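We name chains A, B, ... by the order of the sequence lines, and we start the count at 1 in each one. Since the model is a prediction, treat every value here as computed from it, not as a measurement. When reading the values below, keep in mind they use all heavy atoms of this one structure, side chains included, and skip hydrogens, waters and symmetry mates.
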Amino acid sequence: MKKIDLQSLKQSLLELIESKGGRCALPVYILMLLGFIAPLVMVAGFSLATPHTFKAFQSFTIENFTAMFQGSVWTSFAWSIGLAAFTTAVLIPICYPLAVAMVRVLGPKCSALVSILFVFPMFVSENVRLYGWILFFMKKGIFDGTMQLLNGHGPDVLYTPGMTLFGLIYSYLPYMLFPVVLGVAMVPRDLITAARDLGSSRFRTWREIELPLAMPGVLIGMLLTFVLSAGAISESKIVGGQSVMVVTNEIDIAFSYSQNWPAGAALAVVLTVIIGALTVYAFSKLDLDRILGRS
Amino acid sequence: MENTRASRAAADFVKIWTVLVLLFIYLPVLCDAVTSLSKGRYFSFPVKNGRLPGGRRPSTRWK
């Protein structure tokens with residue numbers, strides 16, 4: 001990891017503020033401070049407030065954090081992290097062949113069309129699409145109804161932990177796909193052809209040349225999918241029927257039914273710290289300049 | 001020859017895979033569209049007595 005030189009960082013900041021471009025971007029900095037940093041500071045402030053109070057920065061206690069691990073909340077963290085890890089693991093083998101198809105097999109026009117087709121459903125609300133799966137899997141729904149026409153019946157899968165996982169896989173597929181496409185596109189075709197000409201098997205070429213070169217894109221996809229799945233709530237509520245309580249459910253309950261904002265804020269802080277630490281670790285292993293073609 | 005055949009099979013596999021995943025992505029949206037034709041308060045499939053926008057009946061295959 002690169003060492004951060006505070007003196008040069010301070011110099012760069014001063015230059016940025018003194019430059020014309022920097023001054024023009026001032027409204028964006030203010031917006032970022034108000035819209036992004038301020039809510040995080042408020043959440044951190046609430047997490048240290050006395051339980052069941054509604055005023056931040058007036059009382060300081062770590063009771064919310066200690067109470068968190070006395071109950072069963074840690075199981076919610078385990079479910080969130082476990083489901084997010086499983087979603088990421090399932091999405092890699094789904095998305096890699098798709099990325100290969102989009103980069104190498106389909107022509108440029110067809111590939112562009114497929115990209116648009118993958119982006120288009122994201123214009124429809126996630127909740128609406130998840131309710132579509134309810135209509136598909138429910139009793140006398142589309143799948144069950146079709147099976148009854150064939151003298152059978154559909155499986156009773158709704159409102160199970162497996163269905164929560166299914167919903168996560170469905171919702172976050174595009175977030176894995178596009179970084180993997182970027183990664184696969186970074187692999188020079190000449191290298192693959194050279195390896196094949198030198199007698200390397202198809203699998204060995206993939207394992208020793210293609211996969212390591214596509215890895216930065218795959219890692220970004222994994223990171224994006226993991227972070228978003230760990231913070232997801234709709235899948236567990238709508239298709240999972242809260243059969244398992246993920247940590248976002250606990251945060252939702254703390255802020256709404258329980259009216260215990262400090263407890264909810266403490267949960268949010270711990271989740272943010274876990275995800276933030278993971279992101280920092282992943283970025284320390286990635287060469288972003290190379291991925292973005294700047295070096 | 002063997003190599004070309006394997007490449008073609010791999011290309012066919014990823015094409016079929018792309019179509020299957022696209023179907024998976026669009027299936028719930030199609031379910032929403034089919035349900036919108038249902039007249040009853042509670043949805044059941046096949047849709048009975050469905051109406052299209054404008055009050056027209058959909059084709060008899062929905063009955």
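- Remark: A:R204 CZ is loosely packed, at most 12 non-hydrogen atoms of other residues, nucleotides or ligands lying under 6.0 Å away.
- Listed options A:I142, A:L130, A:V100 were ranked by heavy-atom pairs under 4.5 angstrom with chain B; first place goes to A:I142.
- Annotation: side chain to side chain donor-acceptor pair (under 3.5 Å) contacts involving residues 149-161 of chain A, sequence neighbours excluded, are absent.
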If you look only at distance, which donor and acceptor atoms sit under 3.5 Å apart when one is on a side chain in residues 216-224 of chain A and the other is two or more places apart or in another chain?
none

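- Annotation: A:Y131, atom OH; neighbour count of heavy atoms from other residues, nucleotides and ligands within 6.0 Å does not exceed 12.
- Of the two parts of A:M102, neither the backbone nor the side chain holds a non-hydrogen atom closer than 4.5 Å to a non-hydrogen atom of chain B.
- The side chain to side chain donor-acceptor pair (under 3.5 Å) search around A:Q242 returns none, not counting sequence neighbours.
- Of the two parts of A:I94, the backbone and the side chain both hold a non-hydrogen atom closer than 4.5 Å to a non-hydrogen atom of chain B.
- The candidate from A:T146, A:V114, A:L149, A:L135 with the greatest count of non-hydrogen atom pairs under 4.5 Å with chain B is A:L135.
- Interface remark: A:L106 contributes side-chain atoms only to the contact with chain B (heavy atom separation under 4.5 Å).
- Of the listed residues (B:V21, B:V29, B:L20), the one with the most heavy-atom contacts under 4.5 Å to chain A is B:V21.
- Using a 4.5 Å cut-off between heavy atoms, B:T18 contacts chain A through both its backbone and its side chain.
- Within the 4.5 Å cutoff, the side chain of A:W133 has heavy atoms near those of the B:L27 side chain.
- Separation of the B:W17 and A:Y96 ring centroids does not fall under the 6.0 Å cut-off.
- Taking 4.5 Å as the heavy-atom cut-off, the residues of residues 117-129 of chain A that approach chain B are A:L117, A:F118, A:F120, A:P121, A:V128, A:R129, ordered by number.
- Shown here is A:Y175, whose OH atom has no more than 12 heavy atoms of other residues, nucleotides or ligands within 6.0 Å.
- The two residues B:C31 and A:G132 make their nearest non-hydrogen contact at CB-O, 3.5 Å.
- The local environment of CZ in B:F24 is crowded, with over 12 non-hydrogen atoms from other residues, nucleotides or ligands closer than 6.0 Å.
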